[in-house]
Amino acid sequence: MEAEGVGAVDVSVVVPAYGSRTSLDRCLTSLLVQRVRKEIIVVDDGASEEVRRLLRLYAVYHPGVVRVIQEPGPGLPGRMRNRGLDAARGRFVYFGDPEEELGPEVLGRMLAVADGQGADIVLRAAEGRAFPRAAAREALADGSVYDDLTCAKLFRRSMLERHRIRFDETLRIGEDMVFAVHAYCHAEVISAVAVGERGGPPSRREEPSGDPLAWLQMIRVPLAVLGRHVPPGPLRDRLLARHFRLDVLSQLGAPFLAAREEDREKIVAETADICAQWLTRGVLDLLSLTDRARVEALDDITHLVRLAEVEQARLTHRLTGLEWQGDRLLICGRVALDGIPGRPGLILRERASGREWRPGVTSVADLICAVIPARSLPAGVWDVHAVVECHGTRRTVPFGQVRDANVTVPRLRFAGRRVVGPFFTPDGRLGVDVGGHVIRVPGSVRLTRTEWVGRRLRVDGRVRVAKAPAAPAVRQLVWRERTSGLEVREPAAVTGPGTFSAQTCGFWPGVWDAYLELDVGGPPLRFPVKVDCPENLGRSLRWWRGPVRWTARPYATAVNRRLSTSVVVSSPRVVFRRLVRRIRRT
């Protein structure tokens, strides 16, 4: 049981004293205003006299909160953080960066999540990326969690002590990556919370250094930690794929081009050795087309150079035309890699599943013209990407952000029982919505007549979607009771290209509004049934059921002229009184 009581510390914040006096001052100020029971441990391993004077002031004016540990000689970051961790008394530890400012609520919100959800690690997530309590294996399967291998997180100290998790003091780079990997492997519960911050996201000290060979040699350490604690299988493959994508094969990009000729052979040899040890079939399947091409070219340095040049070349693109030709959407534009010949084209990527669909494209030089048949594209939200393929790989970029001034969004089309419509996202990217998932679908339902068939109300009408007859998309007529929300659904029959008919089996007492439900390839759409001509409404119907009389009256509402039906149940006494009043009036 972790200690609680008077003077207990909830969070120990460990901060190494490197960087400028100004940035460290701002960092410590932001930590002091955190609304948690805290201690701030600053480890000084040879800071400037100006920084040391600042630390003495903080220690004097904030006794019991700010502690300064003097570490002899200039040490590596891992050694400094270990000294702070050894001195920590809090239930949780947060590793701060002297160049980072925290918003005033950050640690409080992270601590509340840790205590409320029993989390061993709490991440600071971007807005919209927070998730609730999750078992560690489940959380790690989410790429956004394991992508963040900084130590700027809240760690339960008892977990760190129990598993002897410390920073590797021999590493000059990547020590926080090794620490985070080790902690992830032993955490039982991982949570993430979105927090408002000043000064942007935490410093990413695990980013590759300017020495690709040194970085590749360091990467062997976290890979070995991962291999010891995560058994072979899909989860390990997913975690390894992150390292190959961001840490290993990325060194064959810009760093490879910048390296000297003699160093390139060493980089390739180091990469090939890591691949031989850790690259499984499952990992390879998770890699991008470019990374798979690099793996295949590890015995051909010239080809690796070409791949790196393709990756670094500037990709130019411009949308020049967007229009319907019948039921085919025509997308025209330009796309090319500067200085590198390739085959241009377009790829549509479905937003939810990630599956890709390639339209037919004609191209001349960098000019492209793609035809998208509205009836062939599967339902979903498709983002349009320009692509250039060359040397066995490809470069893609969202299409539409750069476009001619006269390019506008054409209206939706109803084709093949579905609505299809191009759209631009708020940041200008082109997409195609098949089924009305993200864009509003215009439609109308007009009553042509109502008629009582026995005690069933028959409703005939016309339906249009995007100004086109849309009877093939009709699913059912829905009557919704205005007060209770109760719904009665009746199947609707298609009677023509734009007409339908439905019969209602029966009503309960209340006021019932009529809606026609359509299936246009996405979420079901409902349109109210409008009444243009009141004379098309049938008469009221009355009948007796036992001792009570039922009255059903279709009518048009005063506002928007929607079709509704009022159903009233009257006792014999009420019926008699109404009859007497009617006789007296006559």
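Positions are given from 1 along the sequence.
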Query - Expected output: side-chain Ser191 to main-chain Val122 donor-acceptor under 3.5 Å - result: no
Query - Face-on cation placement of Arg81 at Phe167 ring, 6.0 Å and 45° thresholds - result: yes
Query raised in the report: Backbone N or O of Val11 within a donor-acceptor pair of the Arg91 side chain at under 3.5 Å?
Result: no
Query raised in the report: Between the main-chain N or O of Ala87 and the side-chain N or O of Arg67, is there a donor-acceptor pair closer than 3.5 Å?
Result: yes
Query raised in the report: Going by heavy atoms in the side chains, are Phe92 and Val36 under 4.5 Å from each other?
Result: no
**Report entry** Residues Glu311, Arg294: salt bridge by 4.0 Å N-O rule
**Finding:** yes
Query - Test item: His391 side-chain N/O and Ala293 main-chain N/O as donor-acceptor pair under 3.5 Å - result: no
Query raised in the report: Does Leu102 offer a backbone N or O that forms a donor-acceptor pair with the side chain of Ser30 under 3.5 Å?
Result: yes
Query - Plane angle bin for His186 and His163 - parallel if under 30°, tilted between 30 and 60°, otherwise perpendicular - result: parallel
Query raised in the report: Can you check whether Phe155 and Tyr94 have ring centres sitting under 6.0 Å from each other?
Result: no
Query raised in the report: Do the non-hydrogen side-chain atoms of Glu39 and Val13 ever get within less than 4.5 Å of each other?
Result: no
Query raised in the report: Should Arg351 and Glu356 count as an ion pair when the cut-off is N to O under 4.0 Å?
Result: no
Report task. Using only heavy-atom distances, determine whether the side chains of Glu99 and Ser23 contain a donor-acceptor pair under 3.5 Å. Result -> no
**Report entry** Ionic contact status for Asp86 with Arg166, cut-off 4.0 Å
**Finding:** yes
Query raised in the report: Would you find a donor on one side and an acceptor on the other, under 3.5 Å apart, between the side chain of Lys38 and the backbone of Gln34?
Result: yes
Query raised in the report: Taking the side chain from His229 and the backbone from Val225, do they hold a donor-acceptor pair closer than 3.5 Å?
Result: yes
Report task. Find the distance between SG (Cys27) and CD (Glu101) and round it off to the nearest 0.5 Å. Result -> 8.0 Å
Query - Validation row: Gln217, Glu270 side chains within 4.5 angstrom (heavy atoms) - result: yes
Report summary line: Separation between CD1 (Ile121) and CG (Leu140), nearest 0.5 Å, reads 8.0 Å
Query raised in the report: Mind checking whether Arg56 and Tyr61 have side chains closer than 4.5 Å, heavy atoms only?
Result: no
Query raised in the report: Are any of the side-chain nitrogens in Asp383 or Arg349 under 4.0 Å away from the carboxylate oxygens of its partner?
Result: no
Requested in this report: Keeping the roles fixed (side chain from Arg418, backbone from Leu377), state whether a donor-acceptor pair exists under 3.5 Å.
Outcome: yes
Query raised in the report: Checking salt bridge (charged side-chain N to carboxylate O under 4.0 Å, His left out) for the pair Arg79/Glu175: CA distance, chi angles, key distance, verdict?
Result: CA-CA 10 Å; Arg79 179 181 176 186; Glu175 78 291 335; over 6 Å; no
Query - salt_bridge(Arg264, Glu261) N-O dist < 4.0 Å - result: yes
Requested in this report: Without swapping roles, check the side chain of Arg236 against the backbone of Val230 for a donor-acceptor pair under 3.5 Å.
Outcome: yes
Report task. Determine whether the side chains of Asp44 and Tyr18 contain a donor N or O and an acceptor N or O closer than 3.5 Å. Result -> no
Query raised in the report: Is any NZ, NE, NH1 or NH2 atom of the basic residue among Arg83 and Glu169 found under 4.0 Å from an Asp or Glu carboxylate oxygen of the other?
Result: yes
Report task. May I ask you to check whether Thr150 and Asp176 show a side-chain donor-acceptor distance below 3.5 Å? Result -> no
Query raised in the report: Are Asp285 and Arg292 close enough, and set up right, to give a salt bridge (charged side-chain N to carboxylate O under 4.0 Å, His left out), and what steps lead you there?
Result: CA-CA 8 Å; Asp285 290 341; Arg292 292 199 296 269; over 6 Å; no
Requested in this report: Decide, yes or no, whether a salt bridge links Arg124 with Asp148 under the criterion of side-chain N to carboxylate O below 4.0 Å.
Outcome: no
**Report entry** Straight-line distance of Glu296 CD to Leu284 CG, nearest 0.5 Å
**Finding:** 7.5 Å
Query raised in the report: Any side-chain heavy atom of Leu286 sitting closer than 4.5 Å to one from Phe244?
Result: no
Query - Arg245 with Asp147: basic N within carboxylate O range, under 4.0 Å - result: yes
Query raised in the report: Distance only, no hydrogens: is a donor on one side chain within 3.5 Å (strictly under) of an acceptor on the other, for Ser353 and Glu350?
Result: yes
Query raised in the report: Side chain of Asp433, backbone of Ile439: donor and acceptor closer than 3.5 Å?
Result: yes
